[in-house]
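Read through the structure below, which is laid out as structure tokens, and then see the notes.
Everything numeric in this text was worked out from a predicted model, so none of it was measured.
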Amino acid sequence: MGIFVIRRLVELVPTLILVSILTFTLVRLVPGDPIDVMYGLEGADKETRAAMEKTLGLDQPVVLQYVLWAGRMVSGDLGFSYRARVPVATLIGQRLPNTLMLVFASLVIAVMIAIPLGVLAAIRRNTLYDFGAMATALVTLSVPPFASGIALVLVFGLMLGWLPTMGAAPPGSGVMGTLRHMTLPAVTLAMGLLGVTMRLARSTVLEELGLDYVRTARAKGLAERWVIYRHVLRNSLLTVVTFVGLQASYLVGGAVVIEVVFAWPGVGSLVIDAILARDYPVVQAVILLVAVLVMVVSTIVDLTYPLIDPRVQLT
């Protein structure tokens, strides 16, 4: 297992280099630059622009800018925000816990609902319950996140007044206050994952139920519940865990839309504001952070395989 983790860490290096080059290049292809955004329609005169470019390091050749930025990143210096005039690490440190909390909550909601419903749909195949579960999954997959978010705001926030619709809980709100503010964005973010996970759980369980070892277990007189929970689920969960684990990292990207809809103060809304302001250091640092999170989550998912099925060996 130790060798497996070391190999994954080694693989992380070229991935981050490639992501950093692409990110550094693409953000500079967006029309406009930080100085244009700072001075608005009137723009800055030549002397002011030259001074600002020198202050921000934008007067250097692009290749040299990348080398200097990459060198600072390696040493742990994420740079300085052009817009907020504070270290990028400070901004990310303020926003990242909110995003991780939102992603974790949505993941828990999706898994706790989707896997049991998918398994039951497979066990009760072609029944009214199965049709209802699959129809629900199809609806959650078909509705865009921003549309379902707006619908939840209208129903539970404005019409019923049960839940807050915007922002995070203020300091001192306690656990219940935090949960109330997080419920709508977490449910909205979970809906897409819920539908596809439910369908995947159903299909994998159905596939396992048709294999020879299940028929053998039943022929030996094992109780149906024991066959399902002791044999079928263990073999089915490998596929589901792999998918959910990969989707967990992609939820960070999906959280961008949700954070904008619900004004949730996470890294998603931070990177949107940074793109609009052409705040290059913030955009580059956040995207690299997401890449690291994807690799870390993928590694953690792989490490769970032997826990689910001892026959799996990591190499």
Side-chain angles (χ1 to χ4, degrees), residues 16-17 19-103 166-173 178 181-182 185 252-253 255-293:
L16 290 180
I17 292 175
V19 170
S20 67
I21 293 174
L22 290 175
T23 304
F24 190 89
T25 303
L26 291 176
V27 295
R28 282 161 176 76
L29 292 178
V30 178
D33 60 26
I35 301 174
D36 293 333
V37 176
M38 289 177 188
Y39 287 91
L41 296 176
E42 296 181 358
D45 55 52
K46 292 183 178 180
E47 293 78 9
T48 303
R49 171 173 285 276
M52 289 299 300
E53 286 180 346
K54 184 174 182 179
T55 301
L56 299 178
L58 299 177
D59 59 331
Q60 303 289 340
V62 175
V63 175
L64 181 57
Q65 289 182 40
Y66 172 79
V67 172
L68 294 174
W69 170 71
R72 291 194 298 269
M73 291 290 293
V74 170
S75 64
D77 181 6
L78 302 183
F80 210 76
S81 169
Y82 297 160
R83 179 174 59 91
R85 307 296 176 89
V86 297
V88 175
T90 301
L91 292 176
I92 294 178
Q94 294 171 349
R95 300 292 194 96
L96 183 60
N98 290 331
T99 295
L100 294 180
M101 184 168 55
L102 178 62
V103 170
M166 295 292 175
S173 299
T178 300
H181 279 78
M182 189 170 57
V252 177
V256 172
V257 176
I258 305 304
E259 289 180 2
V260 171
V261 171
F262 291 95
W264 184 261
V267 293
S269 55
L270 173 66
V271 77
I272 290 295
D273 293 339
I275 291 173
L276 295 176
R278 309 299 188 270
D279 198 344
Y280 299 154
V282 174
V283 177
Q284 293 161 183
V286 171
I287 293 178
L288 276 182
L289 175 63
V290 172
V292 172
L293 288 176

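- Scored by the side chain to side chain contact (heavy atoms under 4.5 Å, CB included) test, P87 finds F80, T90 as partners (sequence neighbours excluded).
- Listed for the Q60 side chain is no donor-acceptor partner under 3.5 Å among the backbone atoms of Q65.
- Among residues two or more places apart in sequence or in another chain, the side chain to side chain contact (heavy atoms under 4.5 Å, CB included) test is passed with L26 by L29.
- Two residues are said to be in side-chain contact when any heavy atoms from C-beta on lie closer than 4.5 Å; E259 and I272 fail this criterion.
- Judged as a side-chain hydrogen bond (donor to acceptor under 3.5 Å, both in side chains), and not counting sequence neighbours, the contacts of S20 are Y66.
- Taking the side chain to side chain contact (heavy atoms under 4.5 Å, CB included) definition, one finds that L16 meets it with L12, L288, A291, V292, sequence neighbours left out.
- Here the straight-line distance linking atom CZ of F262 with atom CG of L102 works out to 9.5 Å at 0.5 Å rounding.
- A side chain to side chain contact (heavy atoms under 4.5 Å, CB included) with V282 is found for exactly one of V88, L78, V267, namely V88.
- Pairs engaging residues 264-284 under the side chain to side chain donor-acceptor pair (under 3.5 Å) rule: R28-Q284, S81-D279, R95-S269 [sequence neighbours left out].
- Scanning for side chain to side chain contact (heavy atoms under 4.5 Å, CB included) contacts around L100 gives L96, L293, with sequence neighbours left out.
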